[in-house]
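As structure tokens, the structure follows; a few thoughts come after it.
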There are 2 protein chains.
Amino acid sequence: MKVDVIVFECREGSLLQTEAVVTQKKQKVKEQFHLFLTKKRLKATLQRNLILDAFVDLDRPTHMDELYLVLRSKHSHIGHATVYRALRLFAAAGIAREFSLGDGLTRYELAGHGKRHDYLVCSDCGTVTEFDNSSIEQRQLAVARSMGFTVEALKIELRGVCSRCLTQSG
Amino acid sequence: MKVDVIVFECREGSLLQTEAVVTQKKQKVKEQFHLFLTKKRLKATLQRNLILDAFVDLDRPTHMDELYLVLRSKHSHIGHATVYRALRLFAAAGIAREFSLGDGLTRYELAGHGKRHDYLVCSDCGTVTEFDNSSIEQRQLAVARSMGFTVEALKIELRGVCSRCLTQSG
DNA sequence: AAATACAATGACATCCACTTTCATCAAAAA
DNA sequence: TTTTTGATGAAAGTGGATGTCATTGTATTT
Ligand SMILES: [Mn+2]
Ligand SMILES: [Mn+2]
Ligand SMILES: [Zn+2]
Ligand SMILES: [Zn+2]
């Protein structure tokens with residue numbers, strides 16, 4: 001059987017992004033957040049700005065503890081409850097998306113790339129990388145439809161060893 | 001671009017299984033478990049047998065609390081710690097596979113169907129249905145390879161509304 | 001600028017799924 | 001049957017996440 005397929009559309013995150021693009025994206029996200037704060041009569045605090053900076057600067061899926069460590073190392077006294085609350089707030093503001101992998105941690109990533117979320121999770125170093133391949137989605141939807149299932153969100157989670165860990169151990 | 005693909009291979013779990021097949025599978029699993037117990041010098045207790053029966057009878061991905069409720073309604077007097085321990089033991093014995101969906105619960109399913117695990121999760125009733133489509137795997141592996149990632153396990157998680165919930169609400 | 005209103009912070013307590021502890025029980029061995 | 005040793009279950013503990021509340025900080029009003 002032969003069918004039309006779309007050539008893989010992979011993106012490798014920050015590797016393909018220029019300094020200028022990153023700075024611009026960061027500025028846009030911060031504007032969106034402050035617009036949200038104003039609209040909801042919430043307050044722009046030092047902590048929220050620091051946490052948002054750390055989150056956007058990292059530029060990959062992360063979780064509370066990772067941000068907490070970054071923040072404590074560079075700046076000073078931020079409570080962990082504040083980081084938890086800030087991340088939930090980012091999700092409420094629509095600038096972050098909350099998701100989960102098998103471990104007990106609640107993860108967040110910058111939002112705004114649709115209902116399809118495809119992750120490569122390194123079982124060695126734990127790093128989460130996103131990829132994007134729209135041709136797989138068609139198959140997923142077809143299978144679901146054949147079972148009478150109406151799909152709202154699609155997630156792929158591939159576990160293995162990332163290129164960095166492969167070269168280090170081999 | 002044209003490529004070879006394999007026609008969808010969907011299975012709908014127990015719907016396609018006869019009474020005899022189910023009974024035979026159950027017997028095989030119980031034998032495998034008792035072989036494991038003997039080999040490891042562990043003990044075959046009433047509780048472990050009851051929990052294994054409930055697990056195999058249910059014949060779909062489940063978690064501790066669901067089994068606990070079934071067991072308490074029919075037999076009573078089983079501790080929840082015992083159910084947790086039994087499920088971990090089933091996984092150690094190779095008759096169950098432990099996995100996780102976004103909620104905080106640790107889930108288990110009968111093992112022995114490879115490293116690819118594809119789930120339909122109903123956001124309405126919470127029911128988890130498995131499907132199996134090998135053609136998607138090729139794409140996943142190709143994407144991973146293009147990013148220098150060595151895949152060990154593949155998981156697809158589609159959230160939406162199952163056919164039962166669709167007909168009930170529509 | 002100062003006062004006022006009220007959201008945010010952070011130390012601490014609580015929640016929840018899950019695990020561990022330990023006195024007691026029971027399955028397998030002797 | 002007696003002994004050995006793993007299993008059970010009630011209760012305590014664990015860890016990530018959230019709630020509480022006195023205090024602090026932000027933004028608005030005067
Ligand atoms: Mn995503
Ligand atoms: Mn599976
Ligand atoms: Zn790695
Ligand atoms: Zn449903």
In this structure, how many angstroms lie between the P atom of D/dA7 and the CG atom of B/Leu50, rounded?
16 Å
Ignoring backbone atoms, establish whether A/Tyr84 has a side-chain N or O less than 4.0 Å from OP1 or OP2 of D/dA17.
yes
Spacing of A/Arg48 atom CZ relative to D/dT24 atom C1', expressed in whole Å:
14 Å
Separation of D/dA7 C1' from B/His77 NE2 (nearest whole Å):
15 Å
Out of C/dT9, D/dG16, D/dA10, which nucleotide sits closest to the side chain of B/Arg85?
D/dA10
Look at the aromatic rings of B/His80 and B/Tyr84 and report parallel, tilted or perpendicular, splitting at 30° and 60°.
perpendicular
Which whole-number value in Å describes the distance from B/Arg41 CZ to D/dA7 C1'?
17 Å
Please compare B/Ala44 and A/Gly79 by the position of their nearest nucleotide in DNA chain C and report the one closer to 5'.
A/Gly79
If you apply the rule side chain to side chain contact (heavy atoms under 4.5 Å, CB included), what do you find for A/Asp103 with A/His63, and how did you get there?
CA-CA 11 Å; A/Asp103 53 16; A/His63 49 84; over 6 Å; no
Minimum side-chain heavy-atom gap A/Leu87-A/Thr106 below 4.5 Å:
no
Hey, which sits more toward the 5' end of DNA chain D by its nearest nucleotide, B/Thr45 or B/His80?
B/Thr45
Can you measure A/Arg88 atom CZ to D/dT18 atom C1' for me and round it to whole angstrom units?
6 Å
Separation of D/dT14 C1' from A/Asp103 CG (nearest whole Å):
16 Å
B/Leu42 has an atom CG; how far is it from atom P of C/dA28, in whole Å?
11 Å
If you define the side chain from C-beta out and look only at heavy atoms, does anything of B/Leu141 sit under 4.5 Å from B/Leu154?
yes
Rounded to the Å, how far apart are A/Ile51 CD1 and C/dG10 C1'?
12 Å
Aromatic contact, A/Phe149 with B/Phe131 (centres under 6.0 Å)
no
Proximity to the side chain of A/Lys43 - top-ranked nucleotide from C/dA8, D/dG6, D/dG9:
C/dA8
Nearest to the B/Ala81 side chain among C/dC18, D/dA10, D/dT8, which nucleotide is it?
D/dA10
side-chain N/O B/Gln47 vs C/dA26 OP1/OP2, d < 4.0 Å:
no
Most 5' of B/Arg107 and B/Leu46 on DNA chain C, judged by nearest nucleotide:
B/Arg107
